[in-house]
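Computed from a predicted model, the values in this text were never measured in an experiment.
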Amino acid sequence: MRRIPVGKLPPKISQYAAQQQLGVLQRIYEWGAGWLSIVLSMLCFLLSGLLIAGYLYYSTIPTFLLPLWQTDAILFISGCWLLLGAWLLLTPAFTPLTRLYIFSKGLLYYKRKAEVIHWQQIAQFWKEEKGTGKFPRIRYTLQRDDGKTFTITSHLAELTLLGDFLDHTMTRRQSTQQDLTREQMPQLSAYDNGQVVPFGALSLGKQGIFLYQQHVQMVLAWNEVASIGVGEHEVIIRRKCTQHEWYVLPIWAVAHTEELKALVNHIVLHQFR
């Protein structure tokens, strides 16, 4: 990856960015097969041509005779250089350049076609670091809210600023969403405060899952829970190290199913990660 100067945008990119209201252009990065691939292919062609030219020149000198296996080896090596040059020259046609345009309100990821990611559309963000030294290889994976993923890989140290910004943006968004969820669903705050939250015949608390059947209370601790699924017709609770369900509750015996789903998701994210 390399950073290229911010100049006049191509008309298509400029028009698309304006339509998507991406704001002010700040950075442009580019990676993939480009001019370097073409330069290397030219060097391969040159080496192949020199080998063939040398072979043709010395083959006309009667006193300069090579064994047959050596002439075959020279032709084979020159053919390999020729094929390598052709491969390097054709690579950009199948793996075009990828460009990343960073705007004040989002990203424009261009590879064959333009894809826009507004900051608020980033659903997930992962960072991987490989190698040691001053400039390790950094890989960022962004997942848009529609499920599509985008990968950015680079040795550029300044790209860590983008990673820090995305990390800060995601943390701030998750914190805001959690605050809104807590305001709308008091069950989450009650659970976090150590209370047992009732949902009809089923209750959830810090100790585990509570079931009330025929005046008998059963408890399954969270470290024994394999899964809990809230379906359209029933709630299925599975216990670890068992093939069958620990308990199946009909949906009519459970109250506030939407709130139950939200609390189960909350517990799964925090209890089992």
- Can you get from L43 to L83 by hopping between Ile, Leu, Val, Met, Phe, Trp and Tyr side chains that sit under 4.5 Å apart? no
- Query: Below 4.5 Å, heavy atoms only, C-beta onward: do Q217 and F210 meet side chain to side chain?
  - Reply: yes
- Query: Under 4.5 Å between any side-chain heavy atoms of L263 and L188, yes or no?
  - Reply: yes
- Are any non-hydrogen side-chain atoms of I28 and I102 less than 4.5 angstrom apart? no
- Message: What I'd like to find out is whether the side chain of L211 reaches to under 4.5 Å of the side chain of V219, using heavy atoms alone.
- Response: no
- Could you grab the distance from atom CD1 of I228 to atom CD1 of I267, nearest 0.5 Å is fine? 7.5 Å
- Within 6.0 angstrom of W81 CH2, more than 12 heavy atoms from elsewhere: no
Atom pairs and distances, donor-acceptor, side-chain atoms in residues 194-201, under 3.5 Å, two or more places apart:
none

- Decide whether L50 and L40 are clustered together by the hydrophobic rule: side chain heavy atoms of Ile, Leu, Val, Met, Phe, Trp, Tyr closer than 4.5 Å, transitively. no
- Query: Are I236 and L249 connected in a single hydrophobic cluster, I mean Ile/Leu/Val/Met/Phe/Trp/Tyr linked by side-chain heavy atoms less than 4.5 Å apart?
  - Reply: no
- For E224, does the CD atom have more than 12 heavy-atom neighbours from other residues, nucleotides or ligands under 6.0 Å away? yes
- Message: Minimum heavy-atom separation for R239 and L220, please, with both atom names.
- Response: NE-CD1, 3.6 Å
- Message: Using a strict threshold of under 4.0 Å (side-chain N to carboxylate O), is an ion pair present between R144 and E115?
- Response: yes
- Message: Any non-hydrogen side-chain atom of I209 less than 4.5 Å from a side-chain atom of L202?
- Response: yes
- Item | Minimum side-chain heavy-atom gap K148-Q143 below 4.5 Å | no
- State the CG-SG distance between L47 and C80, to the nearest 0.5 angstrom. 12.5 Å
- Item | same_hphob_cluster(L22, I13) at 4.5 Å side-chain heavy-atom cutoff | yes
- Please tell me if the side chains of I52 and S48 come closer than 4.5 Å, counting only heavy atoms from C-beta onward. yes
- Would you say W119 and I117 are hydrophobically clustered, going by side-chain heavy atoms of ILVMFWY under 4.5 Å? yes
- Is the backbone of V24 close enough, under 3.5 Å, to the side chain of S104 for a donor and an acceptor to pair up by distance? yes
- Counting only N and O atoms by type, is there a donor-acceptor contact under 3.5 Å from the side chain of S189 to the main-chain atoms of P186? no
- Ignoring hydrogens and angles, tell me if any N or O in the side chain of W222 forms a donor-acceptor pair with the backbone of G205 under 3.5 Å. yes
- Query: Hey, is NZ on K261 packed in by over 12 heavy atoms from elsewhere, all under 6.0 Å?
  - Reply: yes
- Distance (rounded to the nearest 0.5 Å) between Q121 CD and D146 CG: 7.5 Å
- Note on the structure: Partner of Y109 under ring pair (Phe, Tyr, Trp, His ring centres under 6.0 Å), picked from Y101, Y16, F103, F150, is F150
- Query: Quick check: are there more than 12 heavy atoms from other residues, nucleotides or ligands sitting under 6.0 Å from NE2 of H118?
  - Reply: yes
- Can L204 and V264 be said to form a side-chain contact (heavy atoms from CB on, under 4.5 Å), step by step? CA-CA 9 Å; L204 302 181; V264 168; 4.1 Å; yes
- Message: Quick check for you: to the nearest 0.5 Å, what is the distance between S41 atom OG and L46 atom CG?
- Response: 11.0 Å
- Message: If you compare all heavy atoms of E234 against all heavy atoms of V248, which two are closest, and at what distance to 0.1 Å?
- Response: OE1-CG1, 3.5 Å
- Message: How long is the straight-line distance from CG of L107 back to CG of L142, given to the nearest 0.5 Å?
- Response: 6.5 Å
- Item | Reported CH2-to-NZ distance for the pair W246 and K240, which is rounded to 0.5 angstrom | 14.5 Å
